Each structure stands twice: as structure tokens, then as C-alpha cells.
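Just so you know, these numbers come straight off a predicted model, no measurement behind them.
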Amino acid sequence: MEETKELVKTDQYGDITVFVSGDRKLRVFLTVHDIGQNHKSFHKFLLHEDMKAILSKFCIVQITVPGQEEGAETLPNDTTPSGFGSPAMQRAFAESPVLRRAASLKRSVSFKKNRPASVSEDEPVKPVQRSYKFPTMQEMGTEVIPQVLAALGCKTKDVVGLGVGAGANILCRYAMKTAYDVLGLCLLECSAESAGFLEWGQEKIASLQLNMKGMNPTSESYLIWHHYGNAKHHKLAEVHAFHDNLYKTMNPRNLACFVETYMARTNFIDKLKTMKCRVLMVTGSRSAHMKDVERTYSAMDRQNSEILKLDGGDVMDDNPEKLAESMLFFLQGLGLVASVVSRKISRGSSFTGSFSQ
């Protein structure tokens, strides 16, 4: 797949790395990746034989979250997460009782231990002024994506999106903000809820370790669980390749920023019914996020959404044929790619996935 690398300058969030392939006059097929990954995580699936005919009808735009591209330089020091005082965490407190309780406990313990005699317990702490701002999940969806599409000169109407994990969460926010600009979304392992206490703790430890030690076994273990769930022991080759990618190409401090931002995501599950576009939710039978996906789907408008459960943990890698065929049917339901014929149907095979609506 021939692609062109573009750097889109933004006012607050620095340069956004984007990879574009196809005619920019065509409808946009937009991808956003998960934590611990970048746009290359989609390549194997997008290059699959069953996807080629589909993607020939689109301009493919792959957005990389700041600092997550291969060999990225470390983002400015003031973007490095600083515990509960980081901007992303502060913005999450208003909507997350779990984070408020944890912050209150930490502040109480550390303040009593280290309090200067001249400082009152009730004295507010002034926020540190930062020259660079790592975008929140909401800002990625509602500010970064619209700016990128406008700067590239792509069609901003009838966008089709494919997102995984954190990227799926971002695309949801984009769809709710732009309303009728998004035609359909395929969301893999998407949660619209804020992080639960266990997930929050795991992500907090992972981000702290990344900042203090660089890439390390603790953070790696969490990211492997996040991506492969209970299937990790059956995916040794893929896990080994993921390990190599983390240690050789990812910037650990930049990754810490993304992990913390995802950890501090706000809950919008009660707003899902405001989405105007069609949504295909996808999860794996061995995914660590299956229950989260089911709860998110249950809060959606059933007239505009459906859920697909496939075998495995990483469905793009474990079941590319079934996922590609499901996407084809989904897009044809939107009135797109009508001339594309499923290779399985052309060979007389039948679909064996599990659809619900």
C-alpha cells in the first residue's frame, strides 16, 4: 500500500503525523490506533486480499496519536505525566468518582507527610503552566481529527472510520461531535466508560514505569494483556513481534502520555444514543475487553448498531477474513461499495460469525 506521510500542524498539540493513500477526492476511510501501537498496526489487515477491493473505493487516512510513530522524538518535557497533578487526570476528576477518591487519598497522605509549616491544608495548588498540551481523548476526537481532515483537503462528509481500543473511543467522540459528517464506524474493543479501579491501577503503574525506567516488563505485560487478552499464550509469535516493536520502535515516555490519557478518559456511555451514524461493534471471544464492549453496545441505539463476536483476542489478526467480510456487508448496508463481491460468497462459502442487533 503506497502511502504519503504528512505532518499537520496544530495550534495546541504540535505536529500530527498522518499517512494518506488513495485519491483525496474519494470518501475518507479513517483509522485511529490503540495504545502501544501506531498506524502500522492496521497494515496487515488493510493489505489482506479481502480488503483490497473495498479500500480501492476510499482515500485512506491513518492518524497517529502524537509521539506514537516509530522512532519518535520525546515530546516536550512538560507533557510527561506527573501523577495526579497532570492535566489529563485533573480533567477526568470531574466525571470519575474513582479517580477523585484515589487522588484524595494520595493528596492526604503525601501532604501530611511533607507539609511545609507555612502552608495551609486548604490552600489551593496553582496549576503548572505548560507550553505544550498532549491532547485528551475528547480533544483528539473533537479537535485533532477535524483539523487534520481539513488540512489534508479531504472530503469531510460521509467519513467511514475503523478504530481499535483507545482509537475506537476517539472515533466515537469524533462522531458525536460532527454528527452527520460520519457515515459509519467499525469499532474494535471499544469502551465508552471511564477506567474501572483495576484497569486504572494497571494503567497508572504502566505509565509510571514507562516514565521512570523506559520500556520494561511490567508495562509490556500490561500492554500484551490489553491487546491479546486470554489468547496471549496461543499467540507466541505475534506477542514476540509486539515485544520487539515496543522495545525497538516506541518512545516509552510518549507512550506513557497516551496510556495516561486513556486512563483518564471520561465516561460518555449515556450520550451514545446521540450518535447519528451506523456502528459495527466488534470484540473477540478471548478479549480482555469483551464485557466492556457489551456494556457499551447495550447503551447504543439498536436501530443504528450491531455487535459482532469473533474467535480470538486480537480479531484483526485472528479472523481477518471474517472481519473483512463483515465490514463489506456493513458498508454495503450504508449504500457503499455495491460493486464489491465477497470472495467467500464467490467461492460458495458461508459466513460463520456471530451477529447481534
Side-chain angles (χ1 to χ4, degrees), residues 5 13-17 19 31-44 62-89 132 134-137 140 163-167 169-170 188-189 195 198-265 287-289 313-314 316-317:
K5 180 179 178 180
Y13 315 113
D15 292 344
I16 306 297
T17 303
F19 294 86
T31 72
V32 187
H33 60 86
D34 201 358
I35 57 174
Q37 297 180 332
N38 51 45
H39 84 290
K40 287 193 173 181
S41 62
F42 292 102
H43 277 190
K44 185 177 179 180
Q62 299 185 268
I63 293 179
T64 304
V65 174
Q68 309 307 304
E69 60 271 15
E70 288 188 353
E73 295 183 3
T74 301
L75 293 169
N77 289 334
D78 58 3
T79 64
T80 302
S82 54
F84 294 106
S86 65
M89 294 298 293
Y132 174 85
F134 191 89
T136 64
M137 300 293 286
M140 275 295 301
V164 182
N169 185 289
I170 289 168
L188 281 59
E189 311 303 350
L198 178 60
E199 181 190 359
W200 174 84
Q202 292 173 322
E203 290 171 343
K204 184 63 182 176
I205 292 171
S207 66
L208 287 173
Q209 293 283 328
L210 286 167
N211 274 313
M212 292 187 297
K213 301 179 180 180
M215 189 56 63
N216 62 90
T218 300
S219 301
E220 177 197 357
S221 178
Y222 163 72
L223 291 167
I224 289 173
W225 169 85
H226 177 84
H227 288 290
Y228 297 100
N230 297 324
K232 63 184 180 181
H233 300 298
H234 306 280
K235 305 280 293 180
L236 296 182
E238 290 81 0
V239 169
H240 182 71
F242 183 68
H243 162 92
D244 286 347
N245 181 66
L246 288 176
Y247 281 87
K248 294 178 181 179
T249 69
M250 297 294 292
N251 184 305
R253 291 187 180 275
N254 295 352
L255 176 55
C257 292
F258 193 16
V259 170
E260 182 174 287
T261 294
Y262 187 54
M263 173 182 68
R265 66 187 184 271
S287 168
H289 314 289
D314 178 358
M316 272 202 304
D317 189 66

In Å and rounded to the nearest 0.5 Å, what is the [atom1] to [atom2] distance from [X] to [Y]?
X: C257; Y: I35; atom1: SG; atom2: CD1; result: 13.0 Å
X: Y262; Y: M140; atom1: OH; atom2: CE; result: 13.5 Å
X: L255; Y: L210; atom1: CG; atom2: CG; result: 5.0 Å
X: M212; Y: L208; atom1: CE; atom2: CG; result: 5.5 Å
X: Q68; Y: T17; atom1: CD; atom2: OG1; result: 10.0 Å
X: F42; Y: L188; atom1: CZ; atom2: CG; result: 8.0 Å

Using modelled atom types only, decide if a donor and an acceptor are shared between the side chain of [X] and the backbone of [Y] within a distance under 3.5 Å.
X: D314; Y: Y228; value: no
X: S221; Y: T218; value: no
X: H289; Y: G229; value: no
X: R253; Y: T74; value: no
X: Y132; Y: Y13; value: yes
X: E260; Y: F258; value: no
X: D317; Y: E238; value: no
X: N38; Y: T64; value: no
X: E70; Y: M250; value: no
X: D34; Y: A166; value: yes

Which atoms form the tightest heavy-atom contact between [X] and [Y], and what is the distance?
X: Y247; Y: N216; value: OH-C, 3.3 Å
X: A195; Y: E203; value: CB-OE1, 4.1 Å
X: I16; Y: I63; value: CG2-CG2, 4.1 Å
X: L246; Y: M215; value: O-CE, 3.7 Å
X: A72; Y: G67; value: CB-O, 3.5 Å
X: S41; Y: H33; value: OG-CB, 4.0 Å

Carefully, step by step, assess H226 and Q202 under the rule side-chain contact (heavy atoms from CB on, under 4.5 Å). CA-CA 10 Å; H226 177 84; Q202 292 173 322; over 6 Å; no
Under a 4.5 Å cut-off applied to non-hydrogen side-chain atoms, are [X] and [Y] in contact?
X: H39; Y: H43; value: yes
X: E69; Y: K5; value: no
X: Y222; Y: I205; value: no
X: F242; Y: L223; value: yes

Side chains of Q209 and S219: donor-acceptor distance under 3.5 Å anywhere?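 The criterion, which ignores hydrogens and geometry beyond distance, is not satisfied for S219 and Q209.
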Would you call the rings of H240 and H243 parallel, tilted or perpendicular if under 30° counts as parallel and over 60° as perpendicular?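 Because their plane-to-plane angle is under 30°, the rings of H240 and H243 count as parallel.
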Once salt bridge (Lys or Arg N to Asp or Glu O under 4.0 Å) is applied, what residue pairs with a partner in residues 211-231 remain, sequence neighbours excluded? none
I'd like to know whether M263 forms a side-chain contact (heavy atoms from CB on, under 4.5 Å) with K204, so could you lay out the CA-CA distance, the side-chain angles of the two residues, the decisive distance to 0.1 Å, and finally the verdict. CA-CA 7 Å; M263 173 182 68; K204 184 63 182 176; 3.7 Å; yes
